Amino acid sequence: MADAKTCYHVSKRENDGREWKVFIQGSTKVIKLFPTQAEALEYAKQLCKNKNDGSYVMLHGLDGKIRKY
């Protein structure tokens with residue numbers, strides 16, 4: 001399991017829809033909240049860069065569907 005890549009998700013917060021959240025796939029814990037999608041995406045990309053292990057980001061649109069990864 002040491003070679004497992006982390007998948008960070010960026011999506012709209014469900015309870016109020018005002019903030020964007022970054023979380024790890026398979027976890028219900030939010031790492032950090034942001035006022036904009038762009039800020040959340042940039043943060044998630046930085047997390048991947050810092051891990052430097054092939055981790056990646058899944059970006060969700062306003063409708064919750066995956067936009068890109």
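Numbers here simply count residues along the sequence, with the first being 1. What you see is a predicted model, and the numbers here were worked out from it, not measured in a lab.
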Residue pairs passing the salt bridge (Lys or Arg N to Asp or Glu O under 4.0 Å) test with at least one member in residues 29-39, sequence neighbours excluded, are none
From the list I31, L41, V57, side-chain contact (heavy atoms from CB on, under 4.5 Å) with V22 holds only for I31
query = With side chains defined as the heavy atoms from C-beta onward, is the minimum distance between L47 and S55 less than 4.5 Å?
reply = no
ring-ring contact (aromatic ring centres under 6.0 Å, His included) filter on H60, not counting sequence neighbours, yields H9
Between S11 and F23 the two heavy atoms that sit nearest each other are OG-CE2, 3.5 Å
Value for NZ (K21) from OH (Y8), rounded to nearest 0.5 Å, stands at 16.0 Å
Are the side chains of L62 and Q37 in touch, meaning some heavy atoms are under 4.5 Å apart? no
(Q) Is there a side-chain contact between K12 and W20 in this structure, where contact means two heavy atoms from C-beta onward sitting under 4.5 Å apart? (A) yes
Besides V30, the hydrophobic cluster formed by Ile, Leu, Val, Met, Phe, Trp and Tyr side chains linked at under 4.5 Å, directly or via other members, contains L33
What one should report as the nearest heavy-atom pair of D53 and A4 is OD2-O, 4.3 Å
Shortest non-hydrogen pair, R13 vs N15, comes out as NE-OD1, 3.0 Å
